[in-house]
> 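Structure in structure tokens, see below.
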Number of protein chains: 4
Amino acid sequence: MSETGRDEPYPPVTEHLDDPEAAAEEGRRKMEWALQHMPILTELRAEFESERPLDGQTVGMAMHVEAKTANLVELLAVGGADVAITGCNPLSTHDDVSAALDANDSVTSYAVRGVDDDDYYAAIESVIGHEPTITVDDGMDMVAAIHEEYPELIDSILGGCEETTTGVHRLRAMDDDGALEYPVFAVNDTPMKRLFDNVHGTGEASLATIAMTTNLSWAGKDVVVAGYGYCGKGVAGKAAGQNANVIVCEVDPRKALEAHMEGYDVMPMAEAAEVGDVFLTTTGNRDVITEEHFEKMGDGVLLANAGHFDVEINLEQLDEMAADRYEARDGVEAYEMDDGRRLNVLAEGRLVNLAAPIALGHPAEVMDQSFGVQAVCVRELVENDAEYDAGVYDVPDELDREVAEIKLDAEGVGFDGLSEEQREYMGSWQHGT
Amino acid sequence: MSETGRDEPYPPVTEHLDDPEAAAEEGRRKMEWALQHMPILTELRAEFESERPLDGQTVGMAMHVEAKTANLVELLAVGGADVAITGCNPLSTHDDVSAALDANDSVTSYAVRGVDDDDYYAAIESVIGHEPTITVDDGMDMVAAIHEEYPELIDSILGGCEETTTGVHRLRAMDDDGALEYPVFAVNDTPMKRLFDNVHGTGEASLATIAMTTNLSWAGKDVVVAGYGYCGKGVAGKAAGQNANVIVCEVDPRKALEAHMEGYDVMPMAEAAEVGDVFLTTTGNRDVITEEHFEKMGDGVLLANAGHFDVEINLEQLDEMAADRYEARDGVEAYEMDDGRRLNVLAEGRLVNLAAPIALGHPAEVMDQSFGVQAVCVRELVENDAEYDAGVYDVPDELDREVAEIKLDAEGVGFDGLSEEQREYMGSWQHGT
Amino acid sequence: MSETGRDEPYPPVTEHLDDPEAAAEEGRRKMEWALQHMPILTELRAEFESERPLDGQTVGMAMHVEAKTANLVELLAVGGADVAITGCNPLSTHDDVSAALDANDSVTSYAVRGVDDDDYYAAIESVIGHEPTITVDDGMDMVAAIHEEYPELIDSILGGCEETTTGVHRLRAMDDDGALEYPVFAVNDTPMKRLFDNVHGTGEASLATIAMTTNLSWAGKDVVVAGYGYCGKGVAGKAAGQNANVIVCEVDPRKALEAHMEGYDVMPMAEAAEVGDVFLTTTGNRDVITEEHFEKMGDGVLLANAGHFDVEINLEQLDEMAADRYEARDGVEAYEMDDGRRLNVLAEGRLVNLAAPIALGHPAEVMDQSFGVQAVCVRELVENDAEYDAGVYDVPDELDREVAEIKLDAEGVGFDGLSEEQREYMGSWQHGT
Amino acid sequence: MSETGRDEPYPPVTEHLDDPEAAAEEGRRKMEWALQHMPILTELRAEFESERPLDGQTVGMAMHVEAKTANLVELLAVGGADVAITGCNPLSTHDDVSAALDANDSVTSYAVRGVDDDDYYAAIESVIGHEPTITVDDGMDMVAAIHEEYPELIDSILGGCEETTTGVHRLRAMDDDGALEYPVFAVNDTPMKRLFDNVHGTGEASLATIAMTTNLSWAGKDVVVAGYGYCGKGVAGKAAGQNANVIVCEVDPRKALEAHMEGYDVMPMAEAAEVGDVFLTTTGNRDVITEEHFEKMGDGVLLANAGHFDVEINLEQLDEMAADRYEARDGVEAYEMDDGRRLNVLAEGRLVNLAAPIALGHPAEVMDQSFGVQAVCVRELVENDAEYDAGVYDVPDELDREVAEIKLDAEGVGFDGLSEEQREYMGSWQHGT
């Protein structure tokens, strides 16, 4: 009997579907489309195919099982690994993609959309049942389950990779407590990921999702962006690029000043609430937009969140204030005040570019960069495992550079090398003013 | 018996639907969402309601029957008119909106989605059967039918309004032939419409539609924009605003120079074909992208059209060249060449922001401006009909100004007035260098 | 005795200088620098040299005699013309450039810096003494003098060209009165000139001049732009491109709306006065910034004018309000109010990119386009003089195209041609929706 | 006798000038203009005046003695310190500003323009003769002189501040060798300085200086930016904001990718050399543009450097290649090749916004931020000297925040605070996905 009290291990996705072959075919079509726009994974595929760096390894994964991730999975398989995967969120799995993965001889997929909590964790256990030598996580569930329930496997594990902010934070906390027993790369923290994922990925996907959910325009709108970190900068820049008048709200005076010097209007949310047409939160904090702000907003405003959790807009307060509430449009909930003002909340205040009905998540090119880093980190764990003790590691500089170079090559973009003299010059500080 | 050879006139939409009341409710929800973001129509509604400028008039319309247009229809009704409407394209009608309109006592809607040609023209005849005193067209079908089939009505017609480029061109041709027998406002031609509709409407809607159809990003892409008129400028500016590297192709050296001075790369399509990642045509001309260009394009390029007709990308040639052709994704047809390159055509080369499966057409705010001009032009025909003989008229300056002022008021945007001294100064040329 | 009552005609510049040869050498250095960045004139020079289209003609000119203009003069000479030139403003002449021109065998230059009114007009008479067959004006002084004082020359004059708004307006007034007796091209009015001269020339030159006059930065500044015509769009766009927060003031609601939709803040000057850091007028009107605005401005604001005349900022009122007034910096006059606020006026409210102490006028590339059009218009007057009766003419389309093509060629920028089928398609309107 | 072998100490500036009072008056005018646009120093002045945090301290400074720096000096004096100052570069001193400072009872200025090496170091010794308790350096000359020649003073020194990259690097080297004997704040390294100084200061000042040195335009130019660090981003962004087509050259593939994703063209210098119109180096490295690139450049290109040293463009090689060399314009040296191509080098390849004849250095607002940080760091050394042992220190976060807040207040820009709940939320990682 397993730890979850089941008699039988949770079975692969094919056993849950009526027509797994048809599903797999559809899933493969999605994967192919994505791969066509993932030059880094495509290039690594050629390399992994010829060099088989992962031969003999078993990779256990818990990630969003959709087309883009699936191409990472297949890359690892092409590199010689056996891969077992399940979802990291019951709602983000695409069953057809899961079926397509499972049809690959080197891959077993347990991901099924809409499973309950029991099955969710049972699927993780099924993955662990493959006795992975490497883990790849999006939220640290796999690492946690192994440490808590299957510590006997740790000795044979080379290490892991973690994709998200949240996962990395939990891992660092574990590491600080001395509880983390194998090395894990904080893929999330590399500038290569943050810059493109947050600035370009979140920026573009949020705006396009909002435009196509509402059939509204950005030109001339007062767009209030709460938070001026990487995501906030992305959203602000892309909105300005669609001719919106951007207003930034910040709590850090240095970032507020940065936004001001960029040419944006900067003001407290209490003032922005009176003038904004669209409000987008990107702070990672709670209660960024609350009762006092709702009171000041005009009729017809849009409220959306591009931060990780759905705590930035206080919907409980909004619900209490509202005289009525109805679905104004797919993905748009209107909260109607006593005075007739309608405040329109998109995607229930969840991450709008993932949670809106038409949402597609981050663009393929953006995930190509994140997943390219994942792939070379997995390879690094195999090739240089002696160098990594238990702990959380930043992605080594040369791996970041490698992925950047692959992308540039694929795009046909050249860059310069340093001569010996230049290297020497940069290293010395003798030359005077 | 009518001109179409039917015994019975074509009936209103309600007789075609199973549950017209439920449909009407859904249609109204869509209309309300749009109206919330159409401040010009909202403001004119208050004015029309109190002043009833259209009392006693009957307006016959042939337009896209969807939520935004429906708010124009109701505005005319609120202004005192009886309105009869049908679609101007069998595929653009939303039956629920049509039902919602028909539920209005002052409106009869004959628009039904997917009708065949016979029914399409029969519905126009049903509208004409209301003996309109004013016509509002999107493509000139109503004007044509009246002149050809019901000339006896012309005497009692005050005039008409035309929304599109194509309609205006046909009207001007008619006028040149001396065949146009009542005055028509060329609403399409006013800068108020072109600037916002083409630059902002086409620009934003095309890019958002492409992003959400493909799950791809703009950042770092080489985006080739064919044509640097209003639409081309909009597409180019908005793409640059999403961090694309924009390449402009033009046939007019002055426009080519304008684009070059704006900072864009400018080159012939034969060169652009080799470097572009995305191709967007906005020329209004045929065969802008042809065989010689397809041959040079890289694997995975996107081809889309933002011009009126589907003739800009020569799909016949592409089809002949292709070894295979398949649906790569909803709204994306992949043409696979012998050498394995995949050229991805969006929305069958039709106007992408209208024809893609997820397309929504122009944003509500943009249509608000066009329809605001329509409404004041209809009012002008009633109030000053003596001033207009048969012919095509530009929208009078003061009507454009009125609509602009309403929009600015609604947005809370102020502007300056001219003093007497300033007016005088601008009128004189005595003051020397 | 001449019309000005002199016994002797006004002599060429060389007779006014101590060391005309040294001056000519310095003048030539300036001309060469400018010519290096005037590809259109350079290209036309090769053509004019081989084809000598102006053989036998005499061109009389009254223009700003500085390096850029001098290259137009030499181009006409290279084309076969004898040229006589004087200044169009006593303060804009560079004596060294004037000397360099005069050293050319085919050119006589009467332009001397700082002459009084008598000498200014005497110099014009000296030019007319050459019996020009073509005139090129910047402000219409030459045309006026010929019509008023030397009507006997008109018969042998093929026509003229006029560079400025003011000149064109005066010419049109003359034409309306039936007083204009030879054809003149309104070079000023062609989009080729307006777009580049006003948008890019005025925009860039104004901002760079202000930055280098004040040692201040644009980033984060609230920059108020009065007027949203070509110049205003240029200034606004370039300021936003330096990370200023742009505020537009307008009197035309359609332009106000255009600026709003572009993403700028739009408000009346009375409001903008309270928040602006820098104020730039581009309206062409008087009293754009007056007492009521000065009262509201903050300490340290900058006030500058990029419009033609120095009437936009009411300095008389400002002077009356000021408790003190002093030169805060070269080119900056501080008006100190009773309450200690200092309002800083640049270049005495004159066109800042020409009148500031460090000002250089428009960039060479911009003048290259204007002067390229001038040159082909002069050639047109010779080659097709039969086609032009007395009157004001727009620059023919094909000449504009020719100049644009030369520029694009020089920059190595290619553009597309139209096929026969495409031409036909654009001409027809049979193809349906 | 002093260490420099003189009998007499080097005297203050007043003894070097003919009319020190007139000079002081002119110097004060310059200081007042700058101060008007330095809100941070202005605000700190009010605080320092009432709290006198530097009472009893003596500050020894070696910095560029011009109007902006002078306002920092006076701020320290107003705060209670005696200040002795000299220049940090013989060519950057403004004698009039130096005289104005020396006229302040609490300040002695030894800075004189154009002194020779002996006098330069003698002036530093004169400053040290005041027995400073705090040092403020721009290049570390003061710290070095004290450690080498006057170690006996170190005991009474609280600490120092260093403004430049170079100085900080030398200090860190000293610190690594264990040779640095008092604490020094690396003011240069704080993001507050880098972001504004490098991005906005270098970006805007370089472009405006080049435009006003050449009378050329940016629109439509191919502008090659070498290096995509803070300075390179600033230059690239500001050039694009003037409608240039920006080309980035980089040696780090990650930065190259960042530039590519921003939408810029990215290529090696060997390719960029063929297409660029203007070349701007910002790398901090040597030999960025060399013989192989000069060979490929077109006629009339501009070459300028915005990096610290004049080693980025290899002028020795250029000189060897050139057939001729002459001053094409003030601040522009033309190198003429055998084939007639002219390559124009601005400001001898030195930092263009400081070394061009018309250069003014960084804008006042930018220096206001750097100097604001300097001032609060000096205050920190007095108030919390017990906290700092010998070594190089980053500017404490709270000081950066303080300066940012002062600037925002002065600009009337508000920002939000964090509630207790929000602080707690940000500190915890219990909340799940």
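We name chains A, B, ... by the order of the sequence lines, and we start the count at 1 in each one.
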> Test side-chain contact (heavy atoms from CB on, under 4.5 Å) on C:M337 and C:Y335 and set out the steps.
CA-CA 6 Å; C:M337 304 285 115; C:Y335 291 75; 4.1 Å; yes

> When you measure from the side chain of C:E204 to the backbone N and O of D:A219, does any donor-acceptor pair fall under 3.5 Å?
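Checked: pair present.
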
> Do C:V345 and C:L318 make a side-chain contact, defined as non-hydrogen atoms from C-beta onward lying under 4.5 Å apart?
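Answer yes - side chains close enough.
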
> Can you see whether C:T209 engages C:N353 through a side-chain donor-acceptor pair at a distance of less than 3.5 angstrom?
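Distance-only check fails for C:T209 and C:N353.
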
> Would you say the side chains of D:H362 and D:K68 form a donor-acceptor pair under 3.5 Å?
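The criterion, which ignores hydrogens and geometry beyond distance, is not satisfied for D:K68 and D:H362.
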
> Against chain C, work out which of D:I210, D:L360, D:N215 has the most heavy-atom pairs shorter than 4.5 Å and name it.
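Looking at each option in turn, the highest pair count goes to D:N215.
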
> Hey, mind stepping through C:E66 and C:T93 against side-chain contact (heavy atoms from CB on, under 4.5 Å) and telling me if it holds?
CA-CA 6 Å; C:E66 47 79 70; C:T93 296; over 6 Å; no

> What part of D:K30 gets within 4.5 angstrom of chain C, counting heavy atoms only: side chain, backbone, both, or neither?
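Neither part, no heavy atoms under 4.5 Å.
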
> Give, as side chain, backbone, both or neither, the part of D:N344 having an atom under 4.5 angstrom from any heavy atom of chain C.
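Only the side chain of D:N344 comes within 4.5 Å of chain C.
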
> Taking side chain as everything from C-beta outward and backbone as N, CA, C, O, which of these in D:L35 sits under 4.5 Å from a heavy atom of chain C? Side chain, backbone, both or neither.
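For D:L35, neither part sits under 4.5 Å from chain C.
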
> Tell me whether D:R350 at atom CZ has more than 12 heavy atoms from other residues, nucleotides or ligands lying less than 6.0 Å away.
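Result for CZ/D:R350: open.
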
> Checking D:W218 against chain C: side chain, backbone, both or neither under 4.5 Å from a heavy atom?
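When you check distances to chain C, atoms from both the backbone and side chain of D:W218 fall under 4.5 Å.
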
> With chain C as the partner, which of D:G201, D:S217, D:G300, D:A208 has the greatest number of non-hydrogen pairs under 4.5 Å?
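Option with the greatest count: D:S217.
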
> How far does CD of C:E333 sit from CG of C:L303, to the nearest 0.5 angstrom?
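Separation between the atoms: 12.0 Å.
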
> So what's closer than 4.5 Å to chain C heavy atoms on D:V332: side chain, backbone, both or neither?
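Contact with chain C is through the side chain of D:V332 alone.
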
> Find the one option among C:A364, C:G203, C:G220, C:A328 whose heavy-atom pairs under 4.5 Å with chain D are most numerous.
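Of the options given, most contacts go to C:A328.
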
> With a cut-off of 3.5 Å and sequence neighbours excluded, list every side-chain donor-acceptor pair involving residues 403-414 of chain C.
{"unit_1": "C:E411", "atom_1": "OE1", "unit_2": "B:H260", "atom_2": "NE2", "d": "3.2"}

> Listed by residue number, which members of residues 239-248 of chain C have a heavy atom under 4.5 Å from any heavy atom of chain D?
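Only C:G241, C:Q242, C:N243 of residues 239-248 of chain C have a heavy atom under 4.5 Å from chain D.
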
> If I measure from the heavy atoms of chain C, does D:A359 come under 4.5 Å with its side chain, its backbone, both, or neither?
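It is the backbone, since no side chain atom gets that close.
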
> Can you tell me how far apart CG (D:D324) and CZ (D:R342) are? Round to the nearest 0.5 Å.
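One gets 11.5 Å once the value is rounded to the nearest 0.5 Å.
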
> Just so I understand: if I count every heavy-atom pair under 4.5 Å between each of C:L207, C:D299, C:V366, C:T214 and chain D, which residue has the most?
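Most heavy-atom pairs under 4.5 Å with chain D: C:T214.
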
> Does a donor on one side chain and an acceptor on the other come within less than 3.5 Å for D:H37 and D:D368?
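D:H37 vs D:D368: no donor-acceptor pair found between side chains.
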
